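Structure record follows, encoded as structure tokens.
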Amino acid sequence: MFRSALRATLFALPLVVAGPAFAHNGVDHSKDAETSTPAEAHAETKIGDLTITGAFTRATLPKAPVGGGYFTVQNSGDADDRLISVSSPVANEGQIHEMAMVGDVMKMQQLSDGLVIPAGETVELKPGGYHLMLMGLSEQLVEGETIPLTLTFETAGEITIDLPIAATAASGAPCHMSHE
């Protein structure tokens, strides 16, 4: 009996290991290799000494009034820069926010002076940390589409990027975007 159970376990083990080879957190990335490349999922945009990667927003429900925006910006220069404003034609207003502990409570607050991008460092705008808020959305943000987002930096200047729209609970840039 023990030998039969051991044999069955050894037979099933390769199937378990080989099956979801790319799965984690319930997400199967085995099809990602067929539909996108790492370069598509992590497209980068450069302006001055700044490199912007991993930009995305999350899909919203119909008539949702706000959306978020996330990306990573690396400053390879010798001087600090500052993200001073954001805007999109699909929102009445764009704001730069942070999540911060106020006493024992986590609160979201606008950074009215913008977000410093220190020289030689990388700043990540992500869910639960620094992020963008797109207030007064004029349309639903639909997964798989993109929206234009204009970023204005104090030194580097202004740049408009296509912000891919990921799933409603996404924590990173979508991997299934196609670039036409």
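Sequential numbering from 1 along the given sequence is applied to the chain's residues. Note that the structure is a prediction, hence the values are computed from the model and not measured.
To the nearest 0.5 Å, atom CD1 of residue I117 and atom CG of residue D80 are 9.0 Å apart. I52 CD1 to T72 OG1: the interatomic distance, rounded to the nearest 0.5 Å, is 10.0 Å. Rounding to the nearest 0.5 Å places OG1 of T51 at 5.5 Å from CD of E44. L141 contributes atom CG, which lies 4.5 Å from atom CD1 of I165 (distance to the nearest 0.5 angstrom). E143 contributes atom CD, which lies 12.0 Å from atom CZ of R58 (distance to the nearest 0.5 angstrom).
Using a 4.5 Å heavy-atom cutoff, the side chains of L132 and F71 are in contact. In this structure, the side chains of L149 and T57 stay at 4.5 Å or more apart for every pair of heavy atoms. Looking only at side-chain heavy atoms (C-beta outward), R82 and D113 come within less than 4.5 Å of each other. Residues D81 and D49 are not in side-chain contact: their nearest non-hydrogen atoms beyond the backbone lie 4.5 Å or more apart.
Residues Y70 and L125 share a closest heavy-atom pair of CB-O, 3.2 Å. Listed here is the closest heavy atom pair of I159 and K46: CD1-O, 4.0 Å. Between E158 and I47, the shortest heavy-atom contact is O-CD1, 3.5 Å. The shortest non-hydrogen separation linking A55 to P164 is O-CD, 3.2 Å.
Applying the 4.5 Å side-chain rule to ILVMFWY residues, one finds V66, M101, M106, M108, M133, M135 in the same cluster as M99.
Using modelled atom types, one side-chain atom of Q140 and one backbone atom of T60 make a donor-acceptor pair closer than 3.5 Å.
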Which side-chain N or O atoms in residues 86-95 pair as donor and acceptor under 3.5 Å with protein atoms at least two apart or in another chain?
residue: S88; atom: OG; partner: V90; partner atom: N; Å: 3.4
residue: S88; atom: OG; partner: P148; partner atom: O; Å: 2.7
residue: E93; atom: OE2; partner: Q95; partner atom: NE2; Å: 3.0
residue: Q95; atom: OE1; partner: H97; partner atom: NE2; Å: 2.6

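V116 and V123 are assigned to two separate hydrophobic clusters, defined by single-linkage of ILVMFWY side chains at heavy-atom distances under 4.5 Å.
Checking each of I84, L115, N75, L50 against F153 for a side chain to side chain contact (heavy atoms under 4.5 Å, CB included) leaves exactly one that passes, namely L50.
Checked against side chain to side chain donor-acceptor pair (under 3.5 Å), T150 has the following partners two or more places apart in sequence or in another chain: T160.
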